[in-house]
Structure formats: C-alpha cells, structure tokens
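See structure below.
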Amino acid sequence: MPASRRVLIAGNWKMNGLKSSLAEIEALAAGYDGDLKAKLDLLVCPPATLLISAAERLAGSGVQLGGQNCHPAPAGAHTGGISAEMLKDAGVTSVIVGHSERRTNLSESDAVVMAKVKAAWCFGLLPIVCVGETAEERDAGEAVGVVTRQVHQSLPEGCTASNLVIAYEPVWAIGTGRTPTPEDVANIHGTIRSVLKSQFGAEADGIRILYGGSVKPDNAATLMAVADVDGALVGGASLKAADFLAIARATPAR
Ligand SMILES: O=C(CO)COP(=O)(O)O
C-alpha cells in the first residue's frame, strides 16, 4: 500500500453549524490523540462562516480543516462565491468539490467540477472530488458507467497521489441509513481505481478513494475494511465529535 494512501476520515457538516458548534471542533481537536494520529488523517469541513474560528480552535491539534465548495474563478464579480484563495486564507487545506447535492440541486456539471479542481490546485488546496450514482441509475444497472463517466470528465490532466482525493458517494446512501454491500463498494472502488490508472498511470495506485453515504460508528469497521477504501466522507455522523471520533476509532489500522 503506497504511503500516500494513509487513511483519511473526513467530515462534511453541510449547511449545519452555528458558533455554538465550535465546541464540537474543540472536542475533535482534543480527541485526536496519539493512537488516532498514528492511524489516520482527520479532516473536518464546517460551513464557511465557521472556518476562521475553527482554524483557531484546531491550531496545533493535527486535525485538518476543509471547505465544502469553491468557485472556479480566482476572484471577481461572483456574489456569494467563495474562492479557493479565500479558503486558503481562512486556514483550509482541502476542499470538497462536486458533491451530489451540488451536482443535483445546483446543476453542477463535470466540466464545472473540473474547473473547481483546477482552482483548488492554483492555491495549493487538496480537492476531494465526489462521484456517485442515483438510485434510478443503480436500478438501471448504470452505476459503473455513471461513476466511470464522472471520474473521466471531472478530473483534469495532472492528477497525482498528493493532489487528489476521490469520494464515492452513492446518492441513494446519503442521509438514508442505507449502504451498499461491501461487495458493491469493492466493485465501484475497484472500477474507480482502474479508471484512474487508465488516466494517470502508476500514480493512480497512490490516490485515496473514500467511501461516503450513511457511514456511522457501527458500520465503519466493515466499510473501511473493504479493498480500495482509503477512508470515509461522513455527513450526519460528523456533526458530533463523539460520533465522528468513534468512526475514526472503529476504522481498522493498516
Ligand atoms: O453526503 C455525505 C458526505 O458528503 C454523506 O452524508 P451522510 O453520512 O449523512 O449519509
């Protein structure tokens, strides 16, 4: 296993979290102890309004801070937009791009996702690119095809083990309490790895592929033990530090 594929447990708070939630950030910083540090990377992506305060709370803890989205443009007349440079300035090192909630609700195309990856790179941020099929696509037997297309079309030239993370998040598993079987996860993650190999050659062996969708403390050990699963992108269960840390603790050491 290449060293670059150190396990990454990432938390996506989505549109949740007020100033009072900074207590959870502090609890994460305190809970990322020596055992967890030896085993995995921990990343939390709170809403943009909390980033600067969260960075202060996380300083020196080793817990990494991420954004949930960035604008493809570097700056300018984009009301409400947040640039990669602004995220960097706030203390962020990673950014989620192409989450299905944005692909679906905001019609974010593969081309836009690719532009965001490039924007993240411009400011040294690590993009976490989300892909995943809907329930209809899975029922129609199209899961592999959809994910293959998304990986092909969302990634620019030049992806490496150190500048890209992929998150496979089947849309039907997000927030539903339903998860694919370990066999299904292994199948899609294996597919993603081969698509990455065809695009980026040997570099693909070191690119981390996370699983996301209803990851909880009680299923993390099983899901994280699947071949080619290099960590998790956790939604609801990342909002409470105790649950998120429990997922990290349940993740098998490599
Ligand atoms: O969308 C997700 C993370 O990005 C997954 O959300 P849940 O863990 O709440 O299913």
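Whatever order the structure lists ligands and atoms in, that order sets their numbers, starting from 1.
With hydrogens and angles left out, the side-chain atoms of Trp13 and Gln68 include no donor and acceptor closer than 3.5 Å. Looking at Arg103 and Thr134, their side chains never bring a donor and an acceptor atom within 3.5 Å of each other. Side-chain atoms of Glu108 and His99 include no donor-acceptor pair closer than 3.5 Å.
Which parts of ligand 1 touch Gly236 is read off a 4.0 Å heavy-atom cut-off, strictly below it: atoms 7 (P), 8 (O), 9 (O). Within ligand 1, the atoms closer than 4.0 Å to a non-hydrogen atom of Gly213 are 5 (C), 10 (O), numbered from 1 in the order shown. In the vicinity of Asn12, heavy-atom distances shorter than 4.0 Å reach the ligand 1 atoms 3 (C), 4 (O). Close approach of ligand 1 to Glu169 is summarised as follows: ligand atoms under 4.0 Å from at least one heavy atom of the residue are 1 (O), 2 (C), 3 (C), 4 (O), 5 (C). The contact set between ligand 1 and Leu233, taken as ligand atoms under 4.0 Å from a residue heavy atom, comprises 3 (C), 4 (O).
Remark: distances from the non-hydrogen atoms of Ala173 to ligand 1 include one below 4.0 Å.
Of all the heavy atoms of Ile174, the ones lying under 4.0 Å from any atom of ligand 1 are found in both the backbone and the side chain. The residue Cys130 has no part lying near ligand 1, judged by heavy-atom distances below 4.0 Å.
For NZ of Lys240, the number of neighbouring non-hydrogen atoms (other residues, nucleotides, ligands) closer than 6.0 Å is 12 at most.
Nearest-heavy-atom check against atom 10 (O) of ligand 1 across Gly175, Gly11, Gly235, Ser238 picks out Gly175. The nearest non-hydrogen atom to atom 6 (O) of ligand 1, considering only Gln68, Lys14, Lys216, comes from Lys14.
Aromatic ring pairs are classed by plane angle as parallel below 30°, tilted from 30° to 60° and perpendicular above 60°; the pair His189 and Tyr168 is perpendicular.
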- side chain to side chain contact (heavy atoms under 4.5 Å, CB included) between Lys116 and Asn69: does it pass, once the steps are laid out? CA-CA 8 Å; Lys116 291 183 175 192; Asn69 174 49; 2.7 Å; yes

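Residues Ile209 and Arg193 are in side-chain contact: their nearest non-hydrogen atoms beyond the backbone lie under 4.5 Å apart.
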